[in-house]
Number of protein chains: 2
Amino acid sequence: MTTAKGTAAKGAAAKGTAAKRAAVKGTGRVTIREVAERAGVSVATVSRVLSGNYPVPPATRTRVLRAARALDYVANAHARALVGGGRNTVAVVLRQVTSPFYAQVAEGVEAEAATHGWLCLVGTTGGDPQREMEFVQLMREEGARLVILVGGVVEDDAYRERVARYAEALDAAGSRLVLCGRPAPDPDLPVLVVEFDNEAGARAITGHLLSAGHRRIVFLGGLPGNTALDARVAGYRAALAEHGLSEDAAYVVDCGLGRAAGLRAMTELLQGRREFTAVVAGDDMVAAGALRAIADGGLRVPEDISVVGYNDIPLAEDFSPPLTTVRTPAEELGRAAVRFALRDPEDAAGARHLLGTHIVVRGSVAPVERPS
Amino acid sequence: MTTAKGTAAKGAAAKGTAAKRAAVKGTGRVTIREVAERAGVSVATVSRVLSGNYPVPPATRTRVLRAARALDYVANAHARALVGGGRNTVAVVLRQVTSPFYAQVAEGVEAEAATHGWLCLVGTTGGDPQREMEFVQLMREEGARLVILVGGVVEDDAYRERVARYAEALDAAGSRLVLCGRPAPDPDLPVLVVEFDNEAGARAITGHLLSAGHRRIVFLGGLPGNTALDARVAGYRAALAEHGLSEDAAYVVDCGLGRAAGLRAMTELLQGRREFTAVVAGDDMVAAGALRAIADGGLRVPEDISVVGYNDIPLAEDFSPPLTTVRTPAEELGRAAVRFALRDPEDAAGARHLLGTHIVVRGSVAPVERPS
DNA sequence: AGGGGAAGTTAAAACGTTTTCAGAAGGAGG
DNA sequence: CCTCCTTCTGAAAACGTTTTAACTTCCCCT
């Protein structure tokens with residue numbers, strides 16, 4: 001790593017920036033007072049012009065605006081929020097921004113918030129409940145009006161208690177809690193749930209395999225206790241049942257999510273004695289791992305094994321072969337979370353919105369010649 | 001909410017006002033006043049205990065803490081920031097969070113900020129200068145101490161003027177501007193630049209191809225005016241020159257970045273008459289598009305054409321074949337941006353830090369039997 | 001000519017903290 | 001016993017806005 005100092009040799013590098021700061025005042029920040037003084041009016045008038053929620057005659061108006069422009073006045077958001085009883089802020093809490101799916105949700109939240117002129121704060125937890133709690137606390141101090149918790153989670157007692165505490169605390173402060181893709185521990189809690197219809201999606205994609213003649217289908221990526229995955233597993237089972245398959249036709253590998261998990265689980269599966277012709281992956285990253293394991297095992301997709309994923313991440317069409325998967329419009333999930341929460345403040349207690357998904361057919365599924 | 005009567009033996013007058021206020025406007029938010037009242041002390045004492053920057057005897061201390069706990073008191077961040085002259089905040093501005101590379105940078109910034117106890121705000125622009133300006137303005141109002149602009153950009157006059165304005169405005173307010181992966185328009189400006197050594201990285205990966213015997217190498221994904229890409233092109237040319245190739249051995253396709261651009265440009269290239277055995281892609285997404293185009297064209301990688309990428313995005317090892325690329329530790333870039341900016345406040349004007357990169361060899365490069 | 005609005009403006013009171021300044025209580029030293 | 005620290009605590013003054021209530025003008029109407 002090189003540290004290359006700029007051409008400080010030019011001498012007038014600082015260009016009097018520091019001096020200017022010292023000259024104006026101690027802090028260097030222009031306040032509404034100075035604008036008022038320069039415009040020859042009171043601070044109240046300046047405030048009215050700038051906040052724009054009170055009529056001011058054009059003459060004074062332009063005078064104030066000119067002064068503000070000349071001084072490069074910038075309002076202090078904290079002072080504003082203090083007197084205004086808070087500022088319009090929405091906070092999103094994610095496990096990590098680097099996950100393509102979560103990132104899209106965050107982008108949706110941010111975009112929707114922006115259209116309403118709200119500020120959007122993003123926090124990551126890395127899956128650590130401790131950090132989640134700290135961030136929620138921070139958002140309480142910040143006065144966020146909307147806190148959105150994103151992402152599936154194992155629903156244990158600690159989780160239930162935690163979310164109940166958030167919900168009550170935020171509700172008491174007049175804020176709202178939205179759970180995106182995770183369950184409400186108690187239907188009476190003042191939270192809003194927005195999530196995809198995981199069961200329907202999994203049923204549809206499993207049905208797609210069944211229609212192609214597959215009868216021995218493995219679900220790879222179960223995670224007992226995680227409601228999103230549990231719902232997908234339920235959908236998978238439901239599809240099998242619909243096609244008249246018996247209960248023990250279902251085979252669920254609880255390897256959890258992530259590329260590494262999929263790779264490992266698929267490798268083991270290939271070495272085992274269980275026969276199968278198709279795989280439903282818990283999500284696209286699991287599918288990515290599975291594809292690699294299959295290729296490493298010397299088999300071909302879809303000729304030997306068909307594979308489908310879940311979520312349709314941006315690179316799914318670049319997998320080899322391009323992945324047939326379930327498209328979950330993640331950005332729309334984020335937008336919807338904000339929209340629902342803002343639309344109907346009284347909608348809070350126990351409301352639940354399910355968003356639809358659809359199948360994207362690419363090249364990772366082939367028909368079976370002789371259905372067994 | 002319960003109003004604790006009689007707990008405060010003294011100061012009946014003060015208690016009356018506070019109680020009245022609490023009773024009148026039951027907004028739901030507990031203030032420091034109510035904590036003071038319940039603990040039987042003044043607000044000053046409560047503040048001292050809670051902010052922790054003044055010694056308070058244990059007895060009073062626990063009494064205050066107990067009261068705060070009992071009322072579930074949460075400090076108002078805005079009031080705090082107002083009197084404290086701002087709050088420790090760092091703002092990151094990205095083109096989009098859904099880009100894996102940018103997302104990693106953001107994660108690095110967030111992580112590093114968190115270790116210092118700073119709040120991290122993320123804004124996206126979608127590449128629109130207008131939105132960039134709006135967000136920077138918002139951060140000025142917010143009083144962010146550190147604004148980090150991330151991502152390559154075409155350096156035109158509008159860009160230069162914009163950044164100069166940001167730099168001066170932020171400097172005047174005592175804040176700092178960091179440019180991550182984009183150039184400083186003027187070495188005298190009070191900005192800090194942190195970026196990867198793109199030229200060295202491109203030189204190294206091109207050298208890797210040259211060592212494998214390739215002599216006809218195309219650079220796919222130039223974007224004239226974008227300093228990051230320009231530097232990579234320069235590195236590519238430098239490597240060719242180092243290996244004794246003439247100037248016109250270089251062939252740069254200025255198709256810009258993104259998977260779609262790579263797909264289109266590569267398709268055209270395959271239909272053209274230019275001969276080549278290897279491709280250096282401007283980044284991994286371009287490489288993804290190129291791989292697809294090559295596969296669609298009925299050719300194989302790396303047997304027929306070798307391909308290398310840039311950035312090593314998480315899914316690069318799942319490309320078909322796994323992509324040989326340049327690893328740019330994006331998260332480290334984000335961390336470094338914060339670290340450098342916080343470490344030495346006087347380091348500002350014109351300082352520039354270059355971060356190193358290294359090659360990751362996978363399966364997309366094969367040796368050439370008969371170097372032409 | 002005097003009263004009543006309307007229109008335009010301002011002084012001052014919030015908002016919830018931190019911090020300064022000063023007072024009170026309690027010992028120690030003379 | 002008085003004085004002088006020390007230690008603890010509280011009243012009040014910031015911080016930079018918005019908003020309320022009041023105060024001018026000025027004009028119109030009777």
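Proteins get letters first, then strands, A, B, ... in listed order; numbering begins at 1 in each. Everything numeric in this text was worked out from a predicted model, so none of it was measured. The figures here come from the full heavy-atom set of this structure, side chains too, leaving out hydrogens, waters and symmetry mates.
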Calculate the interatomic distance between [X] atom [atom1] and [N] atom [atom2]; express it in whole Å.
X       : N       : atom1 : atom2 : result
R80(B)  : dC15(C) : CZ    : P     : 19 Å
L82(B)  : dG16(C) : CG    : P     : 12 Å
E142(B) : dG16(D) : CD    : P     : 15 Å
L50(B)  : dT18(C) : CG    : P     : 7 Å
H78(B)  : dC15(C) : NE2   : P     : 16 Å
E37(A)  : dT17(D) : CD    : C1'   : 17 Å
R87(A)  : dT17(D) : CZ    : P     : 14 Å
Y54(B)  : dA22(C) : OH    : C1'   : 11 Å

Criterion salt bridge (Lys or Arg N to Asp or Glu O under 4.0 Å) on R33(A) and E37(A), from CA distance to verdict: CA-CA 6 Å; R33(A) 269 207 161 66; E37(A) 205 172 316; over 6 Å; no
Quick check for you: among [options], whose closest atom lies nearest to any side-chain atom of [X]?
X      : options                   : answer
V83(A) : dG16(C), dC15(C), dG8(C)  : dC15(C)
T45(B) : dT9(D), dT17(D), dG8(C)   : dT9(D)
N76(A) : dT18(D), dG16(D), dT19(D) : dG16(D)
A44(A) : dG10(D), dG16(D), dA11(C) : dA11(C)
S47(B) : dA12(C), dA11(D), dT18(C) : dT18(C)

Note: E331(A)-R335(A) ion pair, threshold 4.0 Å (strictly below):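 R335(A) and E331(A): salt-bridged.
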Salt bridge (Lys or Arg N to Asp or Glu O under 4.0 Å) between E34(B) and R38(B), intermediate numbers included: CA-CA 6 Å; E34(B) 302 166 47; R38(B) 186 181 235 263; over 6 Å; no
Main-chain N/O of A77(B) paired to R87(B) side chain as donor or acceptor, under 3.5 Å: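 Looks like no, no N/O pair under 3.5 Å.
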Check every strand shown and say whether [X] touches a base, only sugar-phosphate, or nothing at a heavy-atom separation below 4.0 Å.
X      : result
A75(A) : sugar-phosphate
V74(B) : sugar-phosphate
S51(A) : sugar-phosphate
V46(A) : nothing

OP1 or OP2 of [N] versus the side-chain N and O atoms of [X]: is any pair under 4.0 Å?
X      : N       : answer
S42(B) : dT9(D)  : no
Y73(B) : dT17(C) : yes
R33(A) : dG16(D) : no
T60(A) : dT9(C)  : yes

Residue mapping more 5' on DNA chain C - nearest nucleotide basis, V43(A) or V56(A):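 Taking each residue's closest nucleotide, the earlier one in sequence belongs to V56(A).
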Candidate pair S175(B) and L177(B), rule side chain to side chain contact (heavy atoms under 4.5 Å, CB included), full reasoning: CA-CA 7 Å; S175(B) 302; L177(B) 178 63; over 6 Å; no
Aromatic ring pairing H78(B)/H78(A), orientation class (parallel under 30°, perpendicular over 60°, tilted between):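 Because their plane-to-plane angle lies in the 30° to 60° range, the rings of H78(B) and H78(A) count as tilted.
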